Engineer: 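To start, I am sharing the structure in question, which I have written as structure tokens.
Numbered from 1 within each chain, the chains take letters A, B, ... in sequence-line order. Everything numeric in this text was worked out from a predicted model, so none of it was measured.
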2 protein chains.
Amino acid sequence: MSMQRVCLSPESLKGDFEPMVGLFKALADPHRLAILSALAREDGEVCVCDFTAGLPLNQPTVSHHLKILRDCGLVTSERRGTWVYYQLAPDARQRLADALDAVVPLGVLA
Amino acid sequence: MSMQRVCLSPESLKGDFEPMVGLFKALADPHRLAILSALAREDGEVCVCDFTAGLPLNQPTVSHHLKILRDCGLVTSERRGTWVYYQLAPDARQRLADALDAVVPLGVLA
DNA sequence: TGTGGTTATTGACATTCTTCGATATACGCC
DNA sequence: GGCGTATATCGAAGAATGTCAATAACCACA
């Protein structure tokens, strides 16, 4: 009989990580990180035309990335006249930090 | 001529986010999050056999995910006899927190 | 209403990723 | 050395993702 060590209880692998995966997937693209970083640095509204101008991507692709960020709630958008302005969602940083902490908590407590 | 507002300097989109993308890509899968979470909760070594036992994946797939986590430095592995034990890298939490902060800094300073 | 400019959506294609079976490698033991 | 077990690698199939051209939707203005 094999003296197999018990290193880990099987329930430890059974958590539901889908909500966090959605956020991390949104971060798993360099152009979306550039968009988020610009929004965070600006700390205000940025119109789509600036993204299409500053990114090496065509307009539909930029729109696609913005939609992904919108769908997971990391950014908000508001149309004002002809232009659409995007902002970092107020709780974006907190939600990302919380998601990270839910996976690899910094707290030393059990 | 169109009175186009200047919302954003074009250089704001030009950062290099490749190092962070690698980390976030590693987090963009529920099974890898389960592995990382288990390693973080255990705060010690976990042998591969426990992952293959606890995850709904075949052994080659588990090995593949572990390799991805190893390649980006979030986990370390050590063979001891027949078994291979994985650990969360000592700086894993810090590197992830730093990557997040590099994109959407929490600090209010410019 | 029509025209021009901005953003969103659709459909298609190429690439990447996840998963698996088959196989190889590494180790302990007889 | 030979055998059994644990882990890694290879190669391929299917799904998901990034990208673009074409087009639609929306808005301001004449």
Engineer: Mark up nucleotides 24-30 of chain C, 5' to 3', with B wherever a protein heavy atom is under 4.0 angstrom from a base atom, S wherever such an atom reaches only the sugar-phosphate, and - elsewhere.
Structural biologist: --SSS--
Engineer: Applying side chain to side chain contact (heavy atoms under 4.5 Å, CB included) between B:L100 and each of B:L96, B:D98, B:V104, report the one that passes.
Structural biologist: B:V104
Engineer: Given atom CG of A:L66 and atom C1' of C:dT6, what is their separation to the nearest angstrom?
Structural biologist: 13 Å
Engineer: How many Å lie between CG on B:D71 and C1' on D:dT9, as a whole number?
Structural biologist: 13 Å
Engineer: For A:R79, what residues pass the side chain to side chain donor-acceptor pair (under 3.5 Å) criterion, not counting sequence neighbours?
Structural biologist: none
Engineer: Walk along nucleotides 14-21 of chain D from 5' to 3' and tag each nucleotide B, S or - by protein heavy-atom contact under 4.0 Å, base first, then sugar-phosphate.
Structural biologist: ---SSBBB
Engineer: Rounded to whole Å, please give me the gap between CG in B:L27 and C1' in C:dT18.
Structural biologist: 17 Å
Engineer: Could you measure the distance from the SG atom of B:C47 to the CH2 atom of B:W83? Nearest 0.5 Å is fine.
Structural biologist: 8.0 Å
Engineer: Which of these passes side chain to side chain contact (heavy atoms under 4.5 Å, CB included) with B:T52: B:N58, B:L57, B:V62?
Structural biologist: B:V62
Engineer: Determine which pairs satisfy salt bridge (charged side-chain N to carboxylate O under 4.0 Å, His left out) with at least one residue from residues 56-67 of chain B, sequence neighbours left out, and list them in order.
Structural biologist: B:K67-B:D71
Engineer: Sequence neighbours excluded, which residues qualify as side-chain contact (heavy atoms from CB on, under 4.5 Å) partners of B:E78?
Structural biologist: B:E45, B:R80
Engineer: Output the distance between atom SG (A:C49) and atom CD (A:Q59), rounded to the nearest 0.5 Å.
Structural biologist: 11.0 Å
Engineer: For residues 19-37 of chain B, tabulate all N or O donor-acceptor pairs below 3.5 Å that involve a side-chain atom, not counting sequence neighbours.
Structural biologist:
unit_1, atom_1, unit_2, atom_2, d
B:D29, OD1, B:H31, N, 2.8
B:D29, OD1, B:R32, N, 3.1
B:R32, NE, B:A26, O, 2.8
B:R32, NH1, B:H65, ND1, 3.0
B:R32, NH2, B:K25, O, 3.1
B:S37, OG, B:R41, NH2, 2.8

Engineer: Round to the nearest Å and state the distance from A:F17 atom CZ to C:dT18 atom C1'.
Structural biologist: 18 Å
Engineer: Whole angstrom is fine here: how far is it from OH in A:Y85 over to C1' in D:dC27?
Structural biologist: 13 Å
Engineer: Atom NZ of B:K67 to atom C1' of C:dC17: distance rounded to whole Å?
Structural biologist: 15 Å
Engineer: Contact class for A:Y86 vs. all strands (heavy atom < 4.0 Å): base, sugar-phosphate, or nothing?
Structural biologist: sugar-phosphate
